[in-house]
Number of protein chains: 2
Amino acid sequence: MARLEDVAREAGVSASTVSRALSRPGMVAPATLERVRAAADGLGFRVNPAARALITGRTGFFAMLVPDLENPFYAASIAAAQDLAAQRERRLLIAVTDGSAQREQAAVHDLEEQVDGFILLSPVAGTTELKDLHRRKPVVVINRKVPGLTSFTVDTPGGLARIYDRLVELGHTDVAYLAGPPGSWMDRRRRATLAEHAGAPGLRVHIRGPVPPSFTEGARATADLLATGCTAILAYNSLLALGVMFELGRCGVRVPHDISVAAADDMAFAGLPGEPITAVHAPAPDLGRHAVAALIEMAGDASGRRPAGRTLPTTVRLTATLAAPRSAGQAGPVTAGGERTGRRDDPAGQAVDPR
Amino acid sequence: MARLEDVAREAGVSASTVSRALSRPGMVAPATLERVRAAADGLGFRVNPAARALITGRTGFFAMLVPDLENPFYAASIAAAQDLAAQRERRLLIAVTDGSAQREQAAVHDLEEQVDGFILLSPVAGTTELKDLHRRKPVVVINRKVPGLTSFTVDTPGGLARIYDRLVELGHTDVAYLAGPPGSWMDRRRRATLAEHAGAPGLRVHIRGPVPPSFTEGARATADLLATGCTAILAYNSLLALGVMFELGRCGVRVPHDISVAAADDMAFAGLPGEPITAVHAPAPDLGRHAVAALIEMAGDASGRRPAGRTLPTTVRLTATLAAPRSAGQAGPVTAGGERTGRRDDPAGQAVDPR
DNA sequence: CTGAAAGCGCTAACAG
DNA sequence: CTGTTAGCGCTTTCAG
């Protein structure tokens with residue numbers, strides 16, 4: 001393996017010049033730069049990351065902790081994050097936590113020495129632990145707001161409210177909500193949104209779950225949801241909704257004729273045949289990219305300045321998978337609505353309070 | 001951050017002794033060992049991985065390249081691999097390739113300096129490139145046999161053959177196969193298995209696809225599959241099969257009354273309500289563990305000896321999602337069968353020819 | 001069994 | 001703009 005000094009000899013300069021040419025091209029004369037580059041290419045030189053890390057104290061790795069790889073929302077965030085990281089010459093270390101506080105903590109502990117920062121997706125650790133970690137390494141949080149940390153979230157509650165309003169408008173009186181991951185910050189927010197609306201006249205909200213947000217659990221919970229006597233089902237996320245719809249199909253219950261279905265993010269719905277499913281669209285790839293960009297900024301800036309987080313706007317697609325309940329006498333699907341932006345009374349994409 | 005020397009001072013020994021105590025406890029007197037450990041714990045000492053890597057040339061990282069995170073087969077392999085790696089004090093660097101040769105190559109190139117070896121899941125690179133890579137770093141392949149490399153595969157073709165036989169037995173004459181990832185070694189093997197059976201009297205096999213093995217693609221391909229006039233559908237994997245069943249349910253086609261469905265691995269089926277789905281069960285977590293174990297063995301052994309690969313046996317569960325075709329006059333589901341082991345004429349778990 | 005000494009390959013002052 | 005110098009924190013001979 002060629003070393004810096006080999007390149008230096010080949011290019012007729014010193015090792016420091018090669019180092020500078022390769023990592024800070026602006027600090028070197030253009031002619032020298034070219035000679036160094038030619039020599040490096042010729043020898044197939046690649047820096048030894050360990051040697052660099054030893055002296056700089058930075059490894060070029062970020063740890064990204066996710067509850068679950070199969071969840072398309074997370075998978076999309078990861079993929080986008082990894083792309084941006086690769087562009088900026090950083091690498092992402094993915095660790096799966098299964099949504100368990102213990103595994104999350106273990107992963108943080110294991111990785112702490114090896115990374116320049118953490119991206120935490122839907123972390124379950126306490127606020128105190130998270131802030132504590134941030135004192136040691138830069139931390140960015142996705143899908144949860146943690147005061148004092150840079151957080152990127154999506155305005156799903158705003159979108160959910162839109163769907164909820166639509167259901168009321170259509171005449172539904174019994175809506176079931178299938179709750180997501182136990183202990184999840186996002187699920188609490190979604191439930192809170194529903195609770196706010198439960199005051200509407202003659203409206204009942206039946207909460208079932210919580211369950212891990214997977215296709216299988218959606219299918220398994222379906223019988224329970226139907227047993228509530230509801231005419232519409234809202235699911236914590238699209239994976240659960242898909243599982244519900246799968247089971248409904250298997251049991252011969254038709255959507256939307258017999259029941260309306262909607263979900264809080266549409267990651268699993270893209271490209272499905274038939275009528276598009278009513279859902280709140282969340283820009284998962286953007287979350288991943290924002291997090292990486294913020295982490296790079298923090299890790300580069302020794303001053304401890306912390307970039308502001310954001311709540312990204314969601315988009316609601318109201319479609320014919322929502323219809324009036326059969327009992328309301330308005331048979332047949334409703335005409336598909338257009339796209340609308342998330343929460344109405346709250347400017348989308350507003351910055352998180354950077355306390 | 002405490003350094004080796006701090007621990008040494010605290011324990012009243014030299015830095016070399018601390019180093020030995022921590023990485024080769026057998027080389028140190030028990031009393032010393034204990035004192036060193038106490039001191040290290042007390043100071044919260046953690047080795048600097050960069051410094052260690054600089055001198056040993058080993059980073060403790062393995063790269064694991066996967067086509068897709070959402071695929072439950074891969075997700076299960078990854079999770080199990082990561083668990084074993086963590087136990088053995090190794091870390092796994094997951095990189096997503098999307099099944100693209102270009103991204104795969106880029107990932108290998110990017111990671112080569114940073115890892116002690118590669119685990120390649122369903123790689124698409126040519127045999128020559130793979131062997132070439134193996135000359136530089138230890139390589140273990142999952143889900144594809146590459147002559148000259150340690151490969152771990154599952155005997156899915158054997159299981160598929162069982163399902164196929166069963167379909168013939170039930171009187172099916174038109175079977176559709178939904179092919180998996182374009183260019184995939186596994187898909188070629190599965191098709192070959194079907195081709196061998198297509199000779200059966202009066203039997204037609206309709207191949208559709210290839211498509212990326214996702215739920216969505218399964219749903220989208222369903223109309224095409226039905227258009228073949230088949231009475232049974234086999235899918236490359238369970239994600240596709242699930243998508244097919246979803247769409248069948250949506251369109252009011254009943255399984256198995258109207259059509260039989262089976263898949264080549266059952267990762268996505270576990271725990272689903274209703275009749276268990278006929279599928280070939282593949283031990284995905286074992287693949288991940290085997291790969292990590294083999295890689296650790298290779299990376300530790302400088303002699304260049306290469307552990308043997310294996311083909312893990314599959315299990316077929318024949319259930320009532322397979323029934324006689326309606327045209328055969330045998331209405332109603334068939335009694336569920338028991339579990340049977342994969343390929344019959346081939347001892348399961350046989351070693352790969354270690355050429 | 002333990003200590004002293006010599007770097008691993010690179011970057012970051014510091015002069016020039 | 002470039003070369004010289006001095007390590008980063010650890011492991012590993014080599015003696016004792």
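Order of the sequence lines fixes the chain letters, A, B, ..., with proteins taken first and strands second; residue numbering starts at 1 for each chain.
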Heavy atoms of other groups near A/Glu112 CD, more than 12 under 6.0 Å: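 Yes, enclosed.
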B/Glu5 atom CD: more than 12 heavy-atom contacts under 6.0 Å: no
Rounded distance (Å) that lies between atom [atom2] of [N] and atom [atom1] of [X]:
X: B/Gln114; N: C/dC10; atom1: CD; atom2: C1'; answer: 14 Å
X: B/Leu54; N: C/dT11; atom1: CG; atom2: P; answer: 12 Å
X: A/Asn48; N: D/dC8; atom1: CG; atom2: C1'; answer: 13 Å
X: A/Met27; N: C/dT11; atom1: CE; atom2: P; answer: 12 Å
X: B/Arg58; N: D/dC10; atom1: CZ; atom2: P; answer: 16 Å
X: A/Ile55; N: C/dC10; atom1: CD1; atom2: C1'; answer: 6 Å
X: B/Arg35; N: C/dC1; atom1: CZ; atom2: P; answer: 14 Å

Strand-adjacent residues in residues 1-26 of chain B, judged by heavy atoms under 4.0 Å from DNA chain D: B/Arg3, B/Leu4, B/Ser16, B/Ser19, B/Arg20, B/Arg24
Flag side-chain contact, heavy atom, 4.5 Å: A/Val146 against A/Trp185: no
Side-chain donor or acceptor of B/Thr59 paired with backbone N/O of B/Gln114 under 3.5 Å: yes
Side-chain (A/Lys137) to main-chain (A/Phe118) donor-acceptor, under 3.5 angstrom: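 Judged by distance alone, no pair lies under 3.5 Å.
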Short side-chain N/O contact from A/Arg52 to OP1 or OP2 of C/dC10, under 4.0 Å: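 Answer no for this pair, as no side-chain N or O of A/Arg52 is under 4.0 Å from OP1 or OP2.
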N or O in side chain of B/Thr32 less than 4.0 angstrom from C/dT2 OP1/OP2: yes
Minimum-distance nucleotide to A/Thr56 side chain [options: C/dA12, D/dG9, C/dC10]: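 The closest nucleotide is C/dA12.
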Side chain of B/Val28 - closest among C/dT2, D/dG9, D/dT11: C/dT2
Candidate list B/Pro181, B/Ser122, B/Ser100, test side-chain contact (heavy atoms from CB on, under 4.5 Å), partner B/Pro67, passing option: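 Testing B/Pro67 for a side-chain contact (heavy atoms from CB on, under 4.5 Å) against B/Pro181, B/Ser122, B/Ser100 leaves exactly one candidate, B/Ser122.
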Given DNA chain C, 5'-ward residue of the pair A/Val47 and B/Leu33, judged by closest heavy atom: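 Nearest nucleotide further toward 5': that of B/Leu33.
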Inter- and intrachain pairs under salt bridge (Lys or Arg N to Asp or Glu O under 4.0 Å), touching residues 6-15 of chain A, at least two apart: A/Arg3-A/Asp6, A/Asp6-A/Arg9
